[in-house]
Undergrad: 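The structure is given below, and queries will be raised subsequently.
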Amino acid sequence: MKEINWFPGHMAKSRRELLSNLTRAELILEVCDARVPNSSRHPDLDKMFKRKPVWTILGKADLADPFCTERWLEQAVADNAIWLALNILSDDDLLELRQKLLDYNQQYISIARRKGKIVSPLRIVIVGIPNSGKSTLINRLIGRKSARTSNKPGVTRNLTWIRGGTDFEVLDTPGILPPRFDTIEMKRNLAAVGAIPDEILPIEEVSFALFRQLAVNYPDLIKARFGINIRIENACSLCEINAWELFQQAALKRNCLASGGEPDLPRFNNLFLQEFRSGKIGRVSLECPQAEIKKVL
Ligand SMILES: Nc1nc2c(ncn2[C@@H]2O[C@H](COP(=O)(O)OP(=O)(O)OP(=O)(O)O)[C@@H](O)[C@H]2O)c(=O)[nH]1
Ligand SMILES: [Mg+2]
């Protein structure tokens with residue numbers, strides 16, 4: 001795969017601004033994507049945030065494989081880390097998070113009251129990769145549409161503190177991607193979930209790699225969605241040629257036709273990625289602890 005080098009100037013600037021805002025913060029929420037918890041966590045957040053408490057939010061949990069999400073949460077408990085899986089669009093999930101935050105703030109409120117100080121709202125910094133749901137989470141936490149949201153990465157450009165009644169004050173930040181990607185898989189996974197703008201991707205590589213991975217790990221979902229026949233007993237050992245044939249068949253089944261009856265792959269690449277991102281293929285995770293997900297290189 002070609003190099004994806006996407007660390008635009010605004011991200012480096014945001015990182016600097018973020019650091020200067022940290023002293024005001026009492027809690028950091030890192031919004032990751034539940035389908036790719038490994039790739040979507042920032043590699044040096046702990047160093048960046050020093051002793052500030054960090055909670056990891058696995059957003060878009062409604063799109064992820066619940067079995068894998070459970071494994072991630074178990075691993076977090078074992079590591080003594082606070083991880084929460086959320087469908088940020090769900091009222092129930094938001095209510096639960098809100099309550100956890102209020103409970104957490106109770107300690108500060110008690111201390112302030114004891115010292116006769118004014119009780120201030122809990123100051124939360126929201127960080128995470130682009131398009132993970134940070135601004136949506138903020139709007140829902142504070143109960144009004146204050147931060148701009150979109151299903152494209154790179155929408156929030158400035159750091160803004162937003163006051164949410166007497167309970168919270170929240171800092172919205174632009175998506176900050178790791179300045180380096182450790183492995184080719186991580187790049188592909190971030191690209192697949194839409195954390196990198198499609199215009200700068202080798203979209204055909206991302207889409208085919210994703211198709212192969214899903215055909216191996218979720219053959220029933222691919223069969224059902226695209227009406228193609230994958231022999232499950234051989235699915236784990238899908239070879240490159242086989243996967244390529246299946247990919248072309250899937251394009252044809254979806255009426256992505258070029259002249260001469262050939263599959264129109266550029267069209268299918270877009271369609272396939274959109275269907276994956278919106279959850280139409282089903283609930284899938286591209287990363288799972290304990291290697292439940294077979295790696296397809
Ligand atoms: N299905 C699902 N969609 C979500 C969830 N959270 C956010 N979204 C959608 O994800 C898209 C991105 O949301 P934003 O809040 O703009 O993401 P962001 O992290 O602020 O993005 P940048 O500002 O570009 O870094 C929007 O279309 C949201 O509706 C979730 O838990 N589940
Ligand atoms: Mg945003």
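Every number for a ligand or one of its atoms is a count from 1 in the order of the listing. Values reported hereafter were calculated over all heavy atoms of this structure, with side chains retained and with hydrogens, waters and symmetry mates removed.
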Undergrad: Can you list the atoms of ligand 1 that are under 4.0 Å from a heavy atom of Gly175?
TA: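 Those of ligand 1 that fall under 4.0 Å from Gly175 are 25 (O).
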Undergrad: With heavy atoms of Lys152 as the reference, note each atom of ligand 1 found under 4.0 Å away.
TA: 24 (O)
Undergrad: So, do Leu101 and Arg98 sit near enough that their side-chain heavy atoms are less than 4.5 Å apart?
TA: no
Undergrad: With under 30° as parallel and over 60° as perpendicular, where do the rings of Phe272 and Phe226 fit, or are they tilted in between?
TA: tilted
Undergrad: Tell me if the NZ atom of Lys145 is crowded by more than 12 foreign heavy atoms within 6.0 Å.
TA: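 Count over threshold, so yes.
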Undergrad: Give the residue and atom name of whichever protein heavy atom lies nearest to atom 1 (N) of ligand 1, and the separation in Å to one decimal.
TA: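 Here the closest protein heavy atom is Asp62 OD2, 2.8 Å.
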Undergrad: Which residue and atom name correspond to the protein heavy atom nearest atom 6 (N) of ligand 1, and how close is it?
TA: Ile88 CB, 3.5 Å
Undergrad: Which atoms of ligand 1 have any heavy atom of Asn87 under 4.0 Å away?
TA: 30 (C), 31 (O), 32 (N)
Undergrad: Below 4.0 angstrom, N of the basic side chain to O of the carboxylate: do Glu74 and Arg71 qualify?
TA: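 Yes.
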Undergrad: Would Ser132 count as a polar contact of ligand 1, with the cut-off being nitrogen or oxygen pairs under 3.5 Å?
TA: yes
Undergrad: How close does the nearest protein non-hydrogen atom get to atom 17 (O) of ligand 1, and which residue and atom is it?
TA: Gly133 N, 3.1 Å
Undergrad: Please work out which of Leu89, Asn151, Leu63 has its closest non-hydrogen atom nearest to atom 29 (O) of ligand 1.
TA: Leu89
Undergrad: Could you identify the single nearest non-hydrogen protein atom to atom 26 (C) of ligand 1 and state the distance to 0.1 Å?
TA: Ser150 O, 3.6 Å
Undergrad: Once you round to the nearest 0.5 Å, how far does CG of Leu22 lie from NZ of Lys52?
TA: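 These two atoms lie 6.5 Å from each other.
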Undergrad: Between ligand 1 and Asn131, is the shortest N or O to N or O distance under 3.5 Å?
TA: yes
Undergrad: Is the Mg ion (ligand 2) under 2.8 Å from any N, O or S atom of Ser135?
TA: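 Under 2.8 Å: Ser135 contacts the Mg ion (ligand 2) through an N, O or S atom.
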Undergrad: Is Ser40 close to Val193 at the side-chain level, that is, under 4.5 Å between some pair of heavy atoms?
TA: no
Undergrad: Verify the ring-centre separation between Tyr218 and Phe276: is it less than 6.0 angstrom?
TA: no
Undergrad: What protein heavy atom sits nearest atom 14 (P) of ligand 1, and how far away is it?
TA: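 Closest protein heavy atom to atom 14 (P) of ligand 1: Thr136 OG1, 3.5 Å.
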Undergrad: Considering only the protein, which heavy-atom contact is closest to atom 19 (O) of ligand 1, and what is its distance?
TA: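 Minimum-distance protein heavy atom for atom 19 (O) of ligand 1 reads Lys134 NZ, 2.6 Å.
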Undergrad: Write out the residue and atom name of the closest protein heavy atom to atom 8 (N) of ligand 1, then the distance separating them to 0.1 Å.
TA: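 Result for atom 8 (N) of ligand 1: Lys60 CE, 3.8 Å.
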Undergrad: Specify the closest pair of heavy atoms between Trp161 and Glu169, including all atoms of both residues, with the distance to one decimal.
TA: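 Heavy-atom minimum between the residues: CZ3-O, 3.6 Å.
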Undergrad: Hey, are Ser207 and Asn269 close enough side-chain-wise for a donor-acceptor pair under 3.5 Å?
TA: yes
